[in-house]
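Only this structure's heavy atoms are used, side chains among them; waters, hydrogens and symmetry mates stay out.
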Amino acid sequence: MVVALGCGGRIDGGDGGVQDGGVQPDVILIGIDASPSSCNTVPVVGTDVPLMAVASDPPPSSGPAQPFALGLYALEKITWYTGPGGTTGNEGTVSATLQITSAKNGFIFDAVASSNQEAPTRTSSTAMIVGGSGLVITTFCPSAQASTKADYEFDGKTLTLRTTEQDTPQTIDEEFVLITH
């Protein structure tokens with residue numbers, strides 16, 4: 001099982017992976033690939049948190065986000081909104097640490113994550129802010145991947161990344177708490 005920070009990975013929930021209707025959620029935790037890599041040296045500081053499936057639409061966004069802080073973040077909560085009548089309950093565990101640094105024309109999102117206590121995977125992605133509270137995230141390590149769009153909210157301490165599956169009404173909210181600037 002792999003968590004994908006930004007694009008591409010799959011969550012299988014520990015039971016072979018097929019969710020209601022044969023759909024597997026494409027989790028966006030900023031670009032994690034299914035193969036281990038040495039893309040970054042972000043320390044593993046996150047603890048396992050449950051991936052909770054909720055059979056509803058996500059709550060509305062709070063509006064335009066304030067700029068997020070550069071620094072080290074640990075995953076604090078992850079919720080998979082499966083839509084009315086969708087899957088519910090605990091779908092396994094996820095651990096993730098995200099480091100955000102500045103770069104020319106945007107940011108670098110370096111991440112280390114694991115799911116269901118598997119070996120951690122590392123990724124590096126670029127991120128550009130678009131439209132006030134939107135991000136375009138493009139993973140370049142361990143391999144180039146298609147860009148993913150995400151919305152974000154930041155309250156000075158917690159960074160929430162929200163991605164919606166392109167072909168389904170399913171949405172993932174990932175809440176990261178700022179550990180250090």
Return yes if some donor-acceptor pair links the side-chain N/O of [X] with the main-chain N/O of [Y] below 3.5 Å, else return no.
X: K149; Y: T163; answer: no
X: N40; Y: V42; answer: yes
X: T88; Y: A53; answer: no

Do [X] and [Y] make a side-chain contact, defined as non-hydrogen atoms from C-beta onward lying under 4.5 Å apart?
X: L178; Y: L159; answer: no
X: P59; Y: R162; answer: yes
X: T164; Y: T171; answer: yes
X: F176; Y: T158; answer: no
X: S56; Y: Y81; answer: yes

From CA spacing to verdict: side chain to side chain donor-acceptor pair (under 3.5 Å), Q117, T93: CA-CA 7 Å; Q117 301 177 349; T93 61; 5.3 Å; no

Heavy-atom pair with the smallest gap, counting every atom of P43 and T97: O-CG2, 3.3 Å

Distance-minimising heavy-atom pair for V45 and A74: CG2-CB, 4.3 Å

No-hydrogen, no-angle side-chain donor-acceptor test under 3.5 Å, T139 and T123: no

Aromatic ring proximity F68/F107, centre distance under 6.0 Å: yes

Residue of the set V130, T148, D151, L161 for which side-chain contact (heavy atoms from CB on, under 4.5 Å) holds with L135: L161

